[in-house]
A.B. asks: 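I am attaching a structure below and will ask some questions about it afterwards.
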Amino acid sequence: MQLYSTNNKNNLVDIKEAVFKSLPADKGLYMPSHIPTLSTSFLKDLKQYSFQDIAFEVCKALFHSRIPEHDLKDIVEKSITFPAPLIELEEHQFILELFHGPSLAFKDFGARFMAQLMSYFLKNEDKKLTILVATSGDTGGAVASGFYETEGIEVVILYPSGKVSDLQEKQLTTLGKNITALEVNGTFDDCQALVKQAFLDKDLNEKYNLSSANSINIARLIPQSFYYLEAYKQLPNHELPTVFCIPSGNFGNLTAGLLVQRMGLTVEKFIAATNINDVVPNYLNSGEFHPRPSERTISNAMDVGNPSNFVRMLDLYGSTWNIVKDHIVGYSFDDATTRKTIKEVYEQKSYVLCPHTAVGYHAAKRFQKDYFRANIITLATAHPSKFVDVVEEAIQDKVVISERLARLAEREKVSIEMDITFDNFKAWLTER
């Protein structure tokens, strides 16, 4: 499996190098040089395949014999260990629950797969890997859980102080051992900038083997494609067009959907649903991309003002705005609308949405009204109990806290304070 940089298609590397490097030196992002097409018979007979079988078939096509099939099966079986059920809330409106993993967020799929893939590549190698990851909420918890006590790998998680929920913070800061949390006095964009600068710093890369578990790493995107097929499989019928609605921040999840569409899954459109950090919906409407500092909202994992995976989205469509907007529709909503959606769905359907999923579901309803009849699948990105204060205020009722989260709430937070100055971050990495 060869991958190129979005800034230079002649800059080809092997999948192992792409996974461990995360970012090319030219500041692009890695993309597969060849995107295979899944067999027609496989796509037609999806209902005959288990979730793990689907994941294996996607991997087999993408990795193209780079990893022996028995090792690929082992990676899949150790990482895809929880379901992604499709729930029909009302006619033609579905919720894909992606929060049944250990950290109760969709990012468990990518983090666990990535941990197993890296462990495979590190076998028989006498070197230690340092993973740097910026999080606006759920990524950090998923990575901490996925890589906890993984031999040969240490993880440094950067998160914006005061801008993640209490339970999200506990997921990052209470494990210890090979997991270290840096509490950054800034925004998610500041955290992400520090990580990107570290990967491009010659001194750090000569001293350490650095990698990332953010969605800038191609190993995060690949497993996120699995559940689009799993969702399609569970639809009661395919008489109507299929539309996926994705609550979006860094746009890795949506990019994974575009990838599997290119591999052959029939998807009529994608809906990019954001909060007031709406640079991509604005681009889809105007053709102009203007990144800006992120603004804080109650759907904090989507508070991203300069989404990294936007360049991958453009790369898939040849940077042609007319083609991009034909495939993707964008909507953005404020916190008041998000709260109202949580309240209405609870009262009308007795179903509890997290703030991010509420943004997506409201966008799905708007699309249904604005365009055409379709089976619309909204990705539920996190369990509502991770945002208990916001959700309970919206529904005026108690949210059942997961036992896993309840145990975390009692543990002591351990973090290291950090400002947004790269020199200070670099000094800490060097001296720790």
A.B. asks: Answer yes if the side chains of Ser33 and Gln2 hold a donor-acceptor pair under 3.5 Å, and no otherwise.
C.D. replies: no
A.B. asks: ring-ring contact (aromatic ring centres under 6.0 Å, His included) with Tyr208: which residues, sequence neighbours excluded?
C.D. replies: none
A.B. asks: Is the Tyr317 to His327 ring centre distance short of 6.0 Å?
C.D. replies: yes
A.B. asks: Within a reach of under 6.0 Å around NZ of Lys128, are more than 12 heavy atoms found that belong to other residues, nucleotides or ligands?
C.D. replies: yes
A.B. asks: Is a side-chain donor-acceptor pair under 3.5 Å present for Ser103 with Ser145?
C.D. replies: no
A.B. asks: Hey, does the side chain of Arg292 reach the backbone of Gly305 with a donor-acceptor pair shorter than 3.5 angstrom?
C.D. replies: no
A.B. asks: Establish, yes or no, whether the cationic atom of Lys426 lies under 6.0 Å from the six-membered ring centre of Trp428 and within 45° of the ring axis.
C.D. replies: no
A.B. asks: Is the CG atom of Leu86 crowded by more than 12 outside heavy atoms at less than 6.0 Å?
C.D. replies: yes
A.B. asks: Should the heavy atoms of other residues, nucleotides or ligands under 6.0 Å from CD of Glu149 be counted, would the total exceed 12?
C.D. replies: yes
A.B. asks: Does the Asp315 side chain pair with the main chain of Val311, one donor and one acceptor, at a distance under 3.5 Å?
C.D. replies: no
A.B. asks: Please indicate whether Lys47 has more than 12 foreign heavy atoms, meaning atoms of other residues, nucleotides or ligands, lying under 6.0 Å from its NZ.
C.D. replies: yes
A.B. asks: Would you call the rings of Phe310 and Tyr283 parallel, tilted or perpendicular, where under 30° means parallel and over 60° means perpendicular?
C.D. replies: perpendicular
A.B. asks: Can you classify the ring geometry of Phe109 versus Phe82 as parallel (below 30°), tilted (30 to 60°) or perpendicular (above 60°)?
C.D. replies: tilted
A.B. asks: Can you classify the ring geometry of Phe226 versus Phe113 as parallel (below 30°), tilted (30 to 60°) or perpendicular (above 60°)?
C.D. replies: perpendicular
A.B. asks: In this structure, are over 12 heavy atoms from other groups packed under 6.0 Å from Lys73 atom NZ?
C.D. replies: no
A.B. asks: With ring-ring contact (aromatic ring centres under 6.0 Å, His included) as the test, pick out the partner of Phe244 among Phe94, Phe367, Tyr228.
C.D. replies: Tyr228
A.B. asks: Would you say that more than 12 heavy atoms from the other residues, nucleotides or ligands in this model lie under 6.0 Å from the CG of Asp419, or not?
C.D. replies: yes
A.B. asks: Do you see a donor-acceptor pair shorter than 3.5 Å between the side chains of Thr297 and Asn275?
C.D. replies: yes
